[in-house]
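The chains referred to below are lettered A, B, ... by the order of the sequence lines, with proteins before strands, and numbering in each begins at 1. None of these values were measured; they are calculated from a predicted model.
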Amino acid sequence: MCKPKEVSQSADINLGNGSSVIYKKKFIQPHLASENGDIFRQLMSETPFEQKDLVVFAKKVKQPRLVAYYATDIERGSFTYSGLRNIPSHFTPLVEQLKNSVQEYVKEEFDSVLLNYYRDGSDTVGWHADNEKLYGDEPTIASLSFGAARDFILRKNDNNNDKYKFTLGPGDLLVMKGKVQQQWQHTVPRRSPAQSIGPRINLTFRRIVHPESQPMSSKQPRQSPQQPRELPRQPPPQAASPTAQASAPPFLPSATEPVSSPTENLARTSVQLLLDPHEWRQKIEQQEQSMLGEQAALLRQAEAVQQAEQHDQQQQQHQH
DNA sequence: CTTTTTAAGACAG
DNA sequence: CCTGTCTTAAAAA
Ligand SMILES: [Mn+2]
């Protein structure tokens with residue numbers, strides 16, 4: 001068994017056979033991306049992380065990490081996993097902005113993101129490849145890290161001793177492209193002492209190529225209704241319809257989350273990202289502001305409803 | 001029929 | 001103590 005090749009500097013790495021990796025340290029400024037930075041803390045508080053149940057070797061266990069999933073198009077992003085339908089949420093302004101920054105750097109567009117939360121050194125992900133059909137044959141997957149540093153190891157399928165190790169610290173960007181998901185696996189191994197390894201959040205941006213859901217009849221360039229076979233390299237549907245954003249009210253009171261505590265909602269977005277020279281940062285702030293605006297509107301709406309109810313009650317009492 | 005699925009726990013060095 | 005590797009099963013596709 002050989003030790004993995006350690007990659008400690010930013011680099012473009014050719015893994016051969018059409019597989020390559022881009023490693024860019026500190027793509028996001030560490031003071032924002034680290035455990036006590038504004039971005040990490042905002043991700044921590046705004047993200048609807050869930051710990052999923054899993055059956056492994058006839059035992060029901062909890063997945064040793066928490067996950068969330070966003071997509072620009074909810075229908076397009078939905079997929080089935082372990083017999084359960086996974087339905088994404090909408091991007092938040094912060095994550096949307098991070099996506100835009102990564103897109104600019106990588107020169108590719110993404111329309112979905114898996115968010116992983118490793119609480120401490122005992123949270124892990126085992127050897128796997130992101131080879132879901134959904135993302136196509138040669139997906140470009142961009143991983144952006146926040147919080148505690150964790151090791152990330154790549155190993156070649158046909159020679160498990162061929163390994164690369166990256167230590168993904170706060171703000172580091174790692175992009176896998178080409179045939180990496182066909183020819184390599186990756187893992188985030190456990191680390192000790194578990195309790196003293198801080199929390200890490202990882203955003204993995206992707207592009208959906210083969211949605212499970214049938215494209216809505218509207219204006220998808222005609223595609224034969226039944227074609228279970230692969231379509232050899234369709235021209236990539238230029239993604240990211242901004243119309244969805246405009247028309248999708250992100251704060252509609254959902255069935256699962258009644259309007260109960262508007263103050264809490266306000267508190268959650270009260271993080272102020274102040275005085276940053278960089279453009280992406282300013283955009284975050286603008287979006288946070290507009291988010292605040294929308295939430296304030298929602299708050300007013302909720303208050304109006306409350307007052308109406310109180311008014312009704314008073315009228316009823318009056319009648320009695 | 002075959003392949004895939006995935007983490008926990010034991011163990012060695 | 002730390003960490004990489006091996007073994008473990010039943011169900012679904
Ligand atoms: Mn992965």
Side-chain angles (χ1 to χ4, degrees), chain A residues 1-8 15 19 21 49-69 77-88 112-139 141 143 145 147-169 172 174 176 179-202 204 206 208-214 226-231:
Chain A
M1 279 148 223
C2 317
K3 293 175 167 61
K5 293 162 204 162
E6 245 185 271
V7 183
S8 47
L15 298 172
S19 296
V21 164
F49 283 117
E50 285 181 76
Q51 188 178 21
K52 305 216 158 176
D53 288 320
L54 215 60
V55 175
V56 169
F57 282 82
K59 281 173 289 203
K60 185 175 163 185
V61 297
K62 296 226 175 239
Q63 216 173 26
R65 64 188 169 277
L66 283 72
V67 297
Y69 178 42
S78 298
F79 67 99
T80 307
Y81 181 74
S82 303
L84 297 176
R85 189 125 178 101
N86 257 301
I87 300 176
S112 52
V113 58
L114 281 168
L115 304 92
N116 300 285
Y117 168 31
Y118 302 88
R119 294 160 297 183
D120 63 27
S122 64
D123 273 352
T124 69
V125 64
W127 289 112
H128 72 283
D130 295 279
N131 49 13
E132 300 265 343
K133 285 216 177 6
L134 190 66
Y135 302 114
D137 273 346
E138 300 189 5
I141 297 179
S143 150
S145 294
R150 290 292 296 268
D151 285 344
F152 175 93
I153 303 171
L154 275 167
R155 117 184 140 175
K156 203 174 187 184
N157 293 346
D158 59 20
N159 175 7
N160 288 355
N161 294 327
D162 194 354
K163 292 181 189 169
Y164 288 83
K165 178 170 120 179
F166 304 80
T167 299
L168 300 183
D172 290 356
L174 184 132
M176 297 178 279
K179 299 189 188 297
V180 173
Q181 306 307 324
Q182 295 172 42
Q183 301 174 346
W184 299 73
Q185 291 183 308
H186 52 277
T187 182
V188 176
R190 78 172 168 206
R191 282 298 176 251
S192 291
Q195 273 89 342
S196 67
I197 307 290
R200 168 174 183 255
I201 290 174
N202 180 53
T204 57
R206 302 126 186 276
I208 294 160
V209 178
H210 300 303
E212 278 183 12
S213 62
Q214 300 307 328
Q226 64 267 47
Q227 204 157 31
R229 294 234 164 263
E230 298 201 39
L231 325 172

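- In this structure A:Glu138 satisfies the salt bridge (charged side-chain N to carboxylate O under 4.0 Å, His left out) test together with A:Lys179, sequence neighbours excluded.
- Between A:Gln51 atom CD and B:dT6 atom P the separation is 16 Å, expressed in whole Å.
- Taking atom NE2 of residue A:His186 and atom P of nucleotide B:dT6, one finds them 13 Å apart after rounding to whole Å.
- Taking A:Ser19 as the reference, A:Gln183 meet the side-chain hydrogen bond (donor to acceptor under 3.5 Å, both in side chains) condition, with sequence neighbours excluded.
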Heavy-atom protein contacts under 4.0 Å, nucleotides 2-11 of chain C, coded B base, S sugar-phosphate only, - none: SBBS--BBS-
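- Of the inter-residue distances, the one linking A:Trp184 atom CH2 with A:Leu15 atom CG reads 4.5 Å to the nearest 0.5 angstrom.
- One atom, NZ of A:Lys60, and another, C1' of B:dT6, lie 16 Å apart when rounded to the nearest Å.
- Of all non-hydrogen atoms in A:Ile197 and A:Arg150, the two that sit nearest each other are CG2-CD, 3.8 Å.
- Atom C1' of nucleotide B:dT6 and atom NE2 of A:His128 are separated by 11 Å, given to the nearest angstrom.
- Comparing A:Lys62 and A:Asn131 against DNA chain B, the residue whose closest nucleotide sits nearer the 5' end is A:Asn131.
- In this pair, A:Phe49 and A:Tyr117 present their aromatic rings tilted. The plane angle is within the 30 to 60° band.
- On the C1' atoms, B:dG9 is 22 Å away from C:dA11, given to the nearest whole Å.
- Atom OG of A:Ser143 and atom CG of A:Asn202 lie 4.0 Å apart (nearest 0.5 Å).
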